[in-house]
A.B. asks: 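One structure, pasted below without further comment.
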Amino acid sequence: ERIVFPPEDWVYRGAVIPKQHVEFFRVGRQYRVPMFLATSFEKSTAERFCQSAWNGNRAYEAVIWVVHVDPAGRHDITKLCKNANLVSSTKFPGEKEYLFV
């Protein structure tokens, strides 16, 4: 299968998380995710996921993560993230899901 690189060198993920965890995810923080991480080329898709997950509970906050990928991977396969690619068939048409595994 053909590897598809994010058009803007980053992807988006939207979610709702407990407010006490928001500070952990500051700009520049690097961390390992112990699960598949679904993201999208489209910020609007991440925003829709936030809206659909929000239940009005003030103990939670909607967040949009911006995941940067090494732009060198666009032209150099040795710099390419080997564990991520565009998912061609998803539950939500047009979401442009980029899945990290």
Side-chain angles (χ1 to χ4, degrees):
E1 184 172 317
R2 185 170 137 315
I3 296 173
V4 178
F5 197 82
E8 298 182 15
D9 303 335
W10 57 80
V11 291
Y12 303 95
R13 177 177 175 85
V16 175
I17 63 173
K19 282 189 176 182
Q20 72 261 25
H21 299 305
V22 170
E23 186 58 34
F24 173 83
F25 297 103
R26 66 181 183 275
V27 173
R29 164 83 68 178
Q30 293 183 11
Y31 65 98
R32 183 174 286 262
V33 179
M35 61 185 188
F36 290 175
L37 184 70
T39 65
S40 178
F41 291 169
E42 304 291 333
K43 185 176 183 182
S44 61
T45 299
E47 291 167 342
R48 277 197 318 273
F49 274 88
C50 284
Q51 291 170 351
S52 67
W54 180 250
N55 67 3
N57 186 335
R58 292 180 186 259
Y60 288 79
E61 189 167 326
V63 294
I64 302 286
W65 285 277
V66 180
V67 180
H68 293 262
V69 294
D70 187 348
R74 182 180 303 283
H75 305 290
D76 181 352
I77 197 162
T78 66
K79 306 282 187 198
L80 183 65
C81 181
K82 309 278 189 301
N83 63 338
N85 203 355
L86 185 67
V87 178
S88 57
S89 178
T90 68
K91 183 177 179 181
F92 303 98
E95 77 176 307
K96 298 182 183 172
E97 180 179 353
Y98 194 69
L99 186 63
F100 292 85
V101 296

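For the single chain, residues carry numbers from 1 onward in sequence order. In this text, all values refer to a predicted model and were calculated from it rather than measured experimentally.
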A.B. asks: So, taking the atom named CZ in Arg32 and the one named CG in Leu37, what distance separates them when rounded to the nearest 0.5 Å?
C.D. replies: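 One finds 12.5 Å between CZ of Arg32 and CG of Leu37.
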A.B. asks: Give a yes or no on whether Leu80 and Phe41 share a hydrophobic cluster (residues Ile, Leu, Val, Met, Phe, Trp, Tyr; joining criterion: side-chain heavy atoms under 4.5 Å apart).
C.D. replies: yes
A.B. asks: Among Val11, Val67, Leu86, which residue meets the side chain to side chain contact (heavy atoms under 4.5 Å, CB included) test with Pro6?
C.D. replies: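 Answer after filtering Val11, Val67, Leu86: Val11.
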A.B. asks: Can you find a heavy atom in the side chain of Asp9 that is under 4.5 Å from one in the side chain of Arg74?
C.D. replies: yes
A.B. asks: Does Val33 belong to the same Ile/Leu/Val/Met/Phe/Trp/Tyr cluster as Val69, with side-chain heavy atoms less than 4.5 Å apart forming each link?
C.D. replies: yes
A.B. asks: List the atom of Val16, the atom of Ala53, and the distance in Å for their closest heavy-atom pair.
C.D. replies: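 Shortest heavy-atom contact: CG2-CB, 3.7 Å.
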A.B. asks: State the CD-CZ distance between Glu23 and Arg29, to the nearest 0.5 angstrom.
C.D. replies: 8.5 Å
A.B. asks: With heavy-atom distances below 4.5 Å as the criterion, would you say the side chains of Ile17 and Phe25 are in contact?
C.D. replies: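 With C-beta onward as the side chain, the pair touches.
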A.B. asks: So, do Glu47 and Tyr12 sit near enough that their side-chain heavy atoms are less than 4.5 Å apart?
C.D. replies: no
A.B. asks: If you round to the nearest 0.5 Å, how far is CG of Asp70 from CZ of Phe5?
C.D. replies: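 That separation rounds to 7.0 Å.
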A.B. asks: Indicate yes or no: at least one non-hydrogen side-chain atom of Trp65 is less than 4.5 angstrom from one of Thr39.
C.D. replies: no
A.B. asks: Does a donor on one side chain and an acceptor on the other come within less than 3.5 Å for Glu97 and Thr90?
C.D. replies: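 Distance-only check fails for Glu97 and Thr90.
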A.B. asks: Around Gln20, counting heavy atoms of other residues, nucleotides and ligands shown, do more than 12 lie under 6.0 Å from its CD?
C.D. replies: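 Correct, the count exceeds 12.
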A.B. asks: Kindly say whether Phe100 contributes a backbone atom to a donor-acceptor pair with the side chain of Asn83 at under 3.5 angstrom?
C.D. replies: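 No; judged by distance alone, with no hydrogens or angles, the pair does not exist.
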A.B. asks: Is the number of heavy atoms from other residues, nucleotides or ligands within 6.0 Å of NZ (Lys82) greater than 12?
C.D. replies: yes
A.B. asks: So does Ala46 get a backbone contact from the side chain of Arg13, meaning a donor-acceptor N/O pair under 3.5 Å?
C.D. replies: no
A.B. asks: Could you check whether any side-chain heavy atom of His21 comes within less than 4.5 Å of a side-chain heavy atom of Pro18, counting everything from C-beta outward?
C.D. replies: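 His21 vs Pro18: side chains touch.
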A.B. asks: Is it the case that one hydrophobic cluster holds both Phe92 and Phe36, taking links as side-chain heavy atoms less than 4.5 Å apart, direct or via other members?
C.D. replies: no
A.B. asks: With clusters defined by side-chain heavy atoms of hydrophobic residues (ILVMFWY) lying less than 4.5 Å apart, directly or transitively, does Tyr98 cluster with Trp10?
C.D. replies: no
